[in-house]
Engineer: 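Right, I'll just put the structure down here and ask away after.
Hydrogens, waters and symmetry mates play no part in the numbers below; they use all other heavy atoms, side chains included.
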Number of protein chains: 2
Amino acid sequence: MKLSTKSDYGVRALIELALSGDGAPVQRAEIASRQHIPESYLDHLLAQLRRDGFVRSVRGPGGGHLLTREPEEMCLLHVIESLEGSVAPVACLEEGGECARAPGECVQCWVWEDIYEETRRRLGDISLADLAERARDQRRGAAANYSI
Amino acid sequence: MKLSTKSDYGVRALIELALSGDGAPVQRAEIASRQHIPESYLDHLLAQLRRDGFVRSVRGPGGGHLLTREPEEMCLLHVIESLEGSVAPVACLEEGGECARAPGECVQCWVWEDIYEETRRRLGDISLADLAERARDQRRGAAANYSI
DNA sequence: ACAATGTTGAGCGCGAAACTCGACAATTCC
DNA sequence: GGAATTGTCGAGTTTCGCGCTCAACATTGT
């Protein structure tokens, strides 16, 4: 019942891109070091995010990654579904997924349906901008604590 | 993000006990065959459910398993938490579980907190009796279909 | 040309989930 | 009391996916 690290890492990576507001690409190595993500693993996550249109990349020296849209226009649900596949707690609810049981024998389907929809609705209401803002605040807070 | 089969199997087993309303114990083999659960695996699930007070067992010929309380008084949340451990989508939210990240760096915590609570609330509102009734209806429906 | 980047796919290790097995304990029935 | 029937328990085994690495390659700026 746990989310994989992919979503966690991926969201962090996108937050990092959102925080670096100027148009300059952010390098894979920088994202990895700031968010404590194994660099070689981050590769695959960025590749997936690129395939699904959340980021684009610039090759060569000075290259890196950029968000394709404004952070306000990207919601957490889509990011997580890109990396996680689906947030459905049971396979029956997945698109194209079939119940392993006969129609009359599946308890899971109706029990989890509402919870699934509620989850998607809530994740859909959170934007990358929300997360970035929160991260900014937290960092300011942490800095303030150190300066006391 | 998927529930394990333990919860699924366990809930099905309890439904089977709830459906067999008379005071007679239901044998492991019968539960297993009716719900298509590997018999030797069911052992462990029943053991766990016994440890947590959902069922009690009767040994010897004519023995089997019984619910310890009325199905109306058992909610799905407790059953699932007994078998699954926790339905928290991220480790930060678990009792005694710690954030892997520094306090200022965890995105997961606040994102999933509400969803987690909502999930628990909903699962807490479903009783074994609800599931058993549903199962009865489904079986009647299936039987009716065949008889046409 | 060369160096700095991103791209891709193959593959490894480990831990957990799913399941099996065998020896044992309790109970009932004859 | 003995045999048959059931549950109990713990130690395997197998399978699988996550998390991660690495190496060869493609692209682009200087």
Engineer: Just how far, in rounded Å, is P of dG10(D) from CD of Q48(B)?
Structural biologist: 12 Å

Engineer: Please give, in whole Å, the distance from dT5(C) P to L66(A) CG?
Structural biologist: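 Taking CG of L66(A) and P of dT5(C), I get 14 Å after rounding.
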
Engineer: Determine the contact category for S57(A): base if any of its heavy atoms lies under 4.0 Å from a base atom, sugar-phosphate if only primed atoms, P, OP1 or OP2 are that close, otherwise nothing.
Structural biologist: sugar-phosphate

Engineer: May I ask you to evaluate whether Y9(B) reaches the phosphate of dC19(C), defined as a side-chain N or O under 4.0 Å from OP1 or OP2?
Structural biologist: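 For dC19(C), OP1/OP2 do have a side-chain N/O of Y9(B) under 4.0 Å.
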
Engineer: Please compare D43(A) and P61(A) by the position of their nearest nucleotide in DNA chain C and report the one closer to 5'.
Structural biologist: P61(A)

Engineer: Between Y41(A) and dC22(D), is there a side-chain N or O to OP1/OP2 distance below 4.0 Å?
Structural biologist: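 No, no such contact exists.
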
Engineer: So which nucleotide from dT8(D), dG6(C), dG19(D) ends up closest to the side chain of Q27(A)?
Structural biologist: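 Minimum distance to the Q27(A) side chain belongs to dG6(C).
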
Engineer: Check every atom of dG6(C), dC19(C), dG19(D) against the side chain of T5(B) and return the nucleotide holding the closest atom.
Structural biologist: dC19(C)

Engineer: Of G60(A) and P38(A), whose closest DNA chain D nucleotide lies nearer the 5' terminus?
Structural biologist: P38(A)

Engineer: Using whole Å, report how far CG of L42(B) lies from C1' of dT8(D).
Structural biologist: 13 Å

Engineer: Please give, in whole Å, the distance from dG6(C) P to R50(A) CZ?
Structural biologist: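 Whole-Å distance recorded here is 12 Å.
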
Engineer: Rounding to an integer number of Å, can you tell me how far I31(B) CD1 sits from dT6(D) P?
Structural biologist: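 About 13 Å, once rounded to whole Å.
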
Engineer: Determine, step by step, whether E81(B) and R120(B) satisfy the salt bridge (Lys or Arg N to Asp or Glu O under 4.0 Å) criterion, reporting the C-alpha distance in whole Å, the side-chain angles of both residues, the deciding distance to 0.1 Å, and the verdict.
Structural biologist: CA-CA 10 Å; E81(B) 287 191 332; R120(B) 295 195 72 219; 2.9 Å; yes

Engineer: Just how far, in rounded Å, is C1' of dA18(C) from CG of D8(B)?
Structural biologist: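 Checked: the CG to C1' distance equals 13 Å.
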
Engineer: Got a sec: does the CZ of R56(A) have more than 12 other heavy atoms crowding it under 6.0 Å?
Structural biologist: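 Atom CZ in R56(A) is not crowded, with 12 or fewer foreign heavy atoms closer than 6.0 Å.
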
Engineer: What contact category does H65(A) fall into here, base, sugar-phosphate, or nothing, at under 4.0 angstrom with non-hydrogen atoms?
Structural biologist: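 Sugar-phosphate contact only.
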
Engineer: Quickly work out the R28(B) CZ to dC21(C) C1' distance and round it to whole Å.
Structural biologist: 11 Å

Engineer: Considering every strand and a 4.0 Å limit on heavy-atom distances, what is the contact class for S40(A): base, sugar-phosphate, or nothing?
Structural biologist: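 Touches a base.
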
Engineer: Let me know the distance between CD of E39(B) and P of dT8(D), rounded to the nearest Å.
Structural biologist: 13 Å

Engineer: Evaluate the salt bridge (Lys or Arg N to Asp or Glu O under 4.0 Å) criterion for residues D137(B) and R140(B): first the C-alpha distance (whole Å), next the side-chain angles of each, then the deciding distance (0.1 Å), finally the verdict.
Structural biologist: CA-CA 5 Å; D137(B) 288 352; R140(B) 250 204 303 275; 3.0 Å; yes

Engineer: Of H44(A) and V58(A), whose nearest nucleotide on DNA chain C comes first from the 5' end?
Structural biologist: V58(A)

Engineer: Out of curiosity, does I80(A) fall in the hydrophobic cluster containing L93(A) (side-chain heavy atoms, cut-off under 4.5 Å, transitive links)?
Structural biologist: yes

Engineer: Check step by step if salt bridge (Lys or Arg N to Asp or Glu O under 4.0 Å) holds for E16(A) and R139(A).
Structural biologist: CA-CA 12 Å; E16(A) 210 55 47; R139(A) 284 179 189 182; 3.2 Å; yes

